[in-house]
Number of protein chains: 2
Amino acid sequence: MKEVKSGPNPLFLREEELRQGIEMLYFAYRDFTSEADAMLARHKFGRAHHRVIYFVGRHPRISVSDLLGILGITKQSLSRVLSQLVNDGFIMQHRGLRDGRQRLLELTEKGVEMERQLTEAQRRRFARAYREAGAEAVEGFRKVMLGMIDGAARERFLPAGGHRPPGRSSGDGR
Amino acid sequence: MKEVKSGPNPLFLREEELRQGIEMLYFAYRDFTSEADAMLARHKFGRAHHRVIYFVGRHPRISVSDLLGILGITKQSLSRVLSQLVNDGFIMQHRGLRDGRQRLLELTEKGVEMERQLTEAQRRRFARAYREAGAEAVEGFRKVMLGMIDGAARERFLPAGGHRPPGRSSGDGR
DNA sequence: CCATATGGGTCAGCCTTGTTGACATAGTTC
DNA sequence: GAACTATGTCAACAAGGCTGACCCATATGG
């Protein structure tokens, strides 16, 4: 093989490079979800349940509309899975104190355990990939991924400002 | 485990870092597909059609079973979208020469044009992310992504012939 | 206090895209 | 000629999106 290149970016920005990126994202996402999918199937749940469990776990006492904002789906779609999760005892709801209309969501103990198991495979996959690739590569990965994420979701990953509960309801001076 | 590092990787391999990776992949994939989805909707097609058009474009004269292998779906699922694409004149089929049972698939001109338009938005998104992140980051991105892809699909991205473990390649000798 | 806006839920129906299972038809191979 | 293989097709089902319509309870502003 001849590899005439000098410099660290032999294929940078070229057509083939872009196509590889596209395909890598497709295959990585597919494999990334496959293990959890299998686990969910055994509980008669789907990927949507996982996402709800995941984000409720990440944002305890999140309101339904904030969760909808993160997921980017309609309340009818959410309702279908959410009510199953509540009925099956993975998530509990309680009225908001300052706004009694809100139903704040939180994982039950059972839910926490479920979340742990479900996300475990994905964490392991990332841990392996990160370990094999090395710290510097991970930084690069994060930069590229960030560049592909739009608008609101992007803020989740920006330094500093980061972590107010995901809501425009923070008009609060409270 | 505690943070031993100082320098550019403060969170490396820690729980939070892994969760960020998981979330980034989720949001990036979602945004990555959204533009093409909108375009497909205007043509009354779905994401599945895009994938078929994409991979047939990448592998002209591919057989149906090879395509099934790449996509990882059942022939019934493929059949549904494939026959639409054939009927609508985006893909043509012809008998294999050495094996008359095969129906080799190829994009028509119309199909090529469609593929170009559909993938354009995704290429642009990658090009932007790559450009903003820089060549070195792109290398890191590729390493990490590769580490998350399983088995057969992985080989698509390995340098021809050699199987080396992922995790090097910066300035590998030659 | 009342009108209206908002948070949340629900019913009903539709679409895409995946799944099984059964079966059909050519063409290849032994 | 039998058996296997590549492909297609019918039928039924499930998940998880969507829209539209309508409801209830609570907040909020005049």
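Here is how names work: the chains are called A, B, and so on, in the same order as the sequence lines, proteins then strands, and each is numbered from 1. It should be emphasised that the depicted structure is a prediction, and the values quoted were computed from it without experimental measurement.
- Electrostatic pairing of A:Arg123 and A:Glu120 counts as a salt bridge here, judged by a charged N lying under 4.0 Å from a carboxylate O.
- In this structure, A:Phe45 and A:His43 have parallel ring planes: the angle between them is below the 30° cut-off, well short of the 60° mark.
- Atom P of nucleotide C:dT19 and atom CG of A:Leu40 are separated by 16 Å, given to the nearest angstrom.
- Atom P of nucleotide C:dG18 and atom CG of B:Leu68 are separated by 11 Å, given to the nearest angstrom.
- Salt bridge annotation for A:Arg14-A:Glu17: absent, with no cationic side-chain nitrogen under 4.0 angstrom from a carboxylate oxygen.
- The separation between B:Leu104 atom CG and C:dA26 atom C1' is 15 Å, rounded to whole Å.
- Side-chain to base pairing of B:Arg101 with C:dT28: no donor and acceptor N or O lie closer than 3.5 Å to each other.
- Residue B:Arg103 has no polar side-chain atom (N or O) positioned under 4.0 Å from OP1 or OP2 of C:dT25.
- For A:Gln76, the listed nucleotide lying nearest its side chain is C:dT10; candidates were C:dT17, C:dT10, C:dG9.
- The side chain of B:His49 contributes an N or O atom lying less than 4.0 Å from OP1 or OP2 of C:dT17.
- When each of A:Phe45 and A:Leu97 is assigned the nucleotide of DNA chain D with its nearest heavy atom, A:Phe45 is the one assigned upstream, toward the 5' end.
- Residue B:Leu105 is the one, among B:Leu105 and A:Ala48, whose nearest nucleotide of DNA chain D lies closer to the 5' end (criterion: closest heavy atom).
- Regarding contacts with the backbone of C:dG8, every side-chain N or O of A:Arg95 stays at 4.0 angstrom or more from both OP1 and OP2.
- Distance NZ (B:Lys75) to C1' (C:dT17): 18 Å, rounded to an integer number of Å.
- If you check every strand for non-hydrogen atoms under 4.0 Å, A:Arg47 touches sugar and phosphate atoms only.
- With respect to the salt-bridge test (charged N to carboxylate O, under 4.0 angstrom), the residues B:Glu115 and A:Arg19 qualify.
- In terms of heavy-atom proximity, A:Met39 sits nearest to A:Gln117 at SD-O, 3.5 Å.
- Using modelled atom types, no side-chain atom of B:Asp150 and backbone atom of A:Asp31 make a donor-acceptor pair closer than 3.5 Å.
- Along DNA chain D, read 5' to 3', the first and last nucleotides having any atom under 4.0 Å from a heavy atom of chain B are D:dT5 to D:dC10.
- In this structure, A:Lys143 does not pair ionically with B:Glu139, as no charged nitrogen and carboxylate oxygen lie closer than 4.0 Å.
- Phosphate contact (OP1/OP2 of C:dT17, side-chain N/O of B:Ser77, threshold under 4.0 Å): absent.
- Among the protein residues, B:Ser83 comes within range of no part of the nucleic acid, since none of its heavy atoms lies under 4.0 Å from any strand.
- Protein atom CZ of A:Arg80 is 14 Å distant from nucleotide atom P of C:dG13, rounded to whole Å.
- Distance CD1 (A:Ile91) to P (C:dG9): 11 Å, rounded to an integer number of Å.
- At the heavy-atom level, B:Gln84 lies nowhere under 4.0 Å from the strands shown.
- The CD1-C1' distance, from A:Ile62 to C:dG8, rounds to 14 Å in whole Å.
- The aromatic rings of B:Phe55 and A:Phe27 sit tilted relative to each other, their planes meeting at an angle between 30° and 60°.
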